[in-house]
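Reminder, nothing fancy here: chain letters follow the sequence lines and each chain counts from 1.
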Number of protein chains: 2
Amino acid sequence: MVKKQNTKADIVDVARAAKVSASTVSRSFNHPNLVNPATRKKIDRAVKKLGYIRNRAAQAMHGKRSGTIGLIVPTIDHAIFAEVVQSFSEVLEATGFTILMASHGFDLDREYQVLRKLLEHRVDGVALIGLNHTEDTFQLLEQQEIPAVAIWNYSDQSRISCVGADNHLAGQLAAQHLLALGHQDIGLIFPATDGNDRALGRMNGAVETLAAAGISVPDEWRFEAPYDIGRAKKVCLEMFQHPHRPKALLCGNDVIAQGAIFAAQSEGLNVPQDMSIIGVGDFKGSAEIEPALSTIRIPAKNIGRISGELIVDLVASGSTTPERILCDVKQIIRNSTTFS
Amino acid sequence: MVKKQNTKADIVDVARAAKVSASTVSRSFNHPNLVNPATRKKIDRAVKKLGYIRNRAAQAMHGKRSGTIGLIVPTIDHAIFAEVVQSFSEVLEATGFTILMASHGFDLDREYQVLRKLLEHRVDGVALIGLNHTEDTFQLLEQQEIPAVAIWNYSDQSRISCVGADNHLAGQLAAQHLLALGHQDIGLIFPATDGNDRALGRMNGAVETLAAAGISVPDEWRFEAPYDIGRAKKVCLEMFQHPHRPKALLCGNDVIAQGAIFAAQSEGLNVPQDMSIIGVGDFKGSAEIEPALSTIRIPAKNIGRISGELIVDLVASGSTTPERILCDVKQIIRNSTTFS
DNA sequence: AATAGTATTGCAAATGTTTTCATAAAAATT
DNA sequence: AATTTTTATGAAAACATTTGCAATACTATT
């Protein structure tokens, strides 16, 4: 007579309440067409009454998919990742997946640990940011034969699937624009490039293009700034004190570029008359800032969406051979660059 | 002789390889002190060799905790949520939890669905944004007796635990600052307030304070703008066309305020001489924009961190009685407001 | 009316782990 | 040397579900 009372309802409680077997209840969820509509109705009523919620953990044990996709980001606290992650997650949620998210704070060893943890949860697939990962990480991915996609970077020799832009090209395009305007005195502001292949690719693209045009950037015009508008502004402020300063600034991303614009404005420099500034990314707000920012557009929303679509494909097909999708970058010339 | 080859290693494979029983392997993970160091070493070797990864799904079935916390946000694609989510997740990850994240796009019915899905995954706790949820959502939370915390809003009568700021007060403080400067011609720009108690609270706080000072905001000076810098700028641009425009703008959040500043600049209006602008939030970049934005600071990082700590506590204690934590808001007066 | 086919259901085995209980071996105590 | 205590391990049950197989009931066909 001791009904279990405190503990939550499970599938056999539902079965009992609906006066059918547990198998039938299970079937009613997973293959509704195999069960009599009348029975189904009884079951639904019992489910409602008991407040039963299915247990995906128990389902996952049957080799069924867990219905989760792991997403590993350096941090979400960057406008640009937030945008990618949002459109990525929209696709997944529309397909019925849930996202297991973890961040590693730009530490690739932590990334490996985090990946392991996600695998313990038996995610059906994993998405990572960038193509720069430790050997351990790649091996784990391969050994577990789990669908994986790298978001944000493209390389035709990537070890795992990737969907992203050619950051090297982005750097080139930025440099080309400055060159085309006639600039020679060009400064560079980039984030630290270790463990960040996005920034590295862009910087290389830029300096190579400049070098090809016979322009070398002196060391005192190369600056490092983190992905943080305040810190970037401060770095630029210092630079502007310097008597001999560049006439144009090529920034590793739009956040840095925004910092640079604010720094210039606070010093009374006119952008673009006194100082041309170009960024990379075309983030939200880059079009609205005054002056509107010239930049190289990297289509974050698209990349997120396509990554999402790709990972569900890979999960569905179980395929683990790399698929590589290149997203276009293009110059977006607005009002923060000129030459006089 | 048919070794299972294709399928992934499980705990009994490890046991076999280490020549011990599955129980011992399990113990070696969960209660290492109960197993002989020598045996443990054998097991570790076997684990490595087979590339074994524990299955949390199977663990979760034993009433053990799943080690996941559900996080439901309207969208991550907002600077402010990104910041909260980041510090929230840092705390959780440090404690060994993984985040199951889902978004509902400001649709409270979808929020309910999303919550159900998270519960199917047997999250150990849930965090939501704001206190405005459907009755269904609250009931589900209560019925499942799952630790829940509402992030971002505070109310001393909240039905679930909450950690956040008093948005009503934030609105008041913004209005008070403008009043203190001597402003009378004040415009309001807020996001849509349905399903968004943060915005509603702020708006009410602001209009009540203004009303108490004998100032009523005419309908043609009340504008609605989404949380989007571009759209906000556009709304302001239209407003500025109007011959009879306000002298000060009270914006529902800093993103809208930034849009307003850019709109003013693009119209050649001087901020703050011609137009004072105040926001709410103190987001990243608000201090750096030129002119630096006056705003009401809502400590996003703190809120995220404290929410994380709270949910961990609640999960550990299994407590489900609401705990309420109020985070301070305060005026941050910078250069975007004045009176002449 | 007999047969074949189909729709619906239940039983039992299987999934990968944890945990209780029992047992054996080793160490400590007398 | 005998006994008690401690340490280390294994066997088996339990967790919540799914699914293959078999059984039953119903429908359609001749």
Between atom CG in A/Leu50 and atom C1' in D/dA16, what is the gap in whole Å?
-> 15 Å

Look up atom OH in B/Tyr52 and atom CG in B/Asn55, then write down how far apart they are to the nearest 0.5 Å.
-> 7.0 Å

Rounded to the nearest Å, what distance is computed from the CD1 atom of residue A/Ile11 to the P atom of nucleotide D/dT19?
-> 11 Å

Enter the distance from B/Asp124:CG to B/Ile146:CD1 here, rounded to the nearest 0.5 Å.
-> 7.0 Å

CA sep, side-chain torsions, deciding dist, call: A/Tyr112, A/Leu140, side-chain contact (heavy atoms from CB on, under 4.5 Å) = CA-CA 8 Å; A/Tyr112 172 78; A/Leu140 187 54; 3.7 Å; yes

Looking at residues 53-66 of chain A, who's got a heavy atom less than 4.0 Å off DNA chain C?
-> A/Met61, A/His62

Length of the CG-C1' vector between B/Asn36 and D/dT6, whole Å | 13 Å

Would you call A/Arg16 and A/Asp13 a salt bridge, using N to O less than 4.0 angstrom?
-> yes

Atom CZ of A/Arg40 to atom C1' of C/dA7: distance rounded to whole Å?
-> 13 Å

For DNA chain D, what residues of residues 24-32 of chain A have any heavy atom nearer than 4.0 Å?
-> A/Ser26, A/Arg27, A/Asn30, A/His31

Test item: side-chain donor near acceptor, A/Ser23 and A/Ser26, under 3.5 Å = no

Return the value, rounded to whole Å, for the distance between atom NE2 of B/His121 and atom C1' of D/dT17.
-> 15 Å

Would you give the length of the straight line joining atom CD1 of B/Ile160 to atom CG of B/Leu131, rounded to the nearest 0.5 angstrom?
-> 6.5 Å

Name the residue closer to the 5' end of DNA chain D, choosing between B/Arg122 and B/Leu34 according to the nucleotide with the nearest heavy atom.
-> B/Leu34

Pick from A/Val47, A/Val35, A/Val14: which one makes a side chain to side chain contact (heavy atoms under 4.5 Å, CB included) with A/Phe29?
-> A/Val47

B/Lys19 atom NZ is separated from D/dG10 atom P, nearest whole Å, by 12 Å

Rounded to the nearest 0.5 Å, what's the gap from CG on A/Asp136 to CG on A/Asp109? Could you check?
-> 8.0 Å

Do any side-chain nitrogens or oxygens of B/Ser23 fall under 4.0 Å of OP1 or OP2 in C/dT19?
-> no

Supply the atom-to-atom distance A/Ser87 OG to A/Ile306 CD1, rounded to the nearest 0.5 angstrom.
-> 9.5 Å

A/Ile43 CD1 to C/dT9 C1', in whole Å, measures 10 Å

Do B/Thr320 and B/Glu145 meet the criterion of a side-chain donor-acceptor pair at a distance under 3.5 Å?
-> no

To the nearest 10°, let me know how far the axis at one end of the helix from C/dA1-D/dT30 to C/dT30-D/dA1 is tilted from the axis at the other, five pairs an end.
-> 30°

Which whole-number value in Å describes the distance from B/Arg16 CZ to C/dG16 C1'?
-> 13 Å

Evaluate the ring planes of B/His104 and B/Phe106, with Trp represented by its six-membered ring, and classify them as parallel (under 30°), tilted (30 to 60°) or perpendicular (over 60°).
-> perpendicular

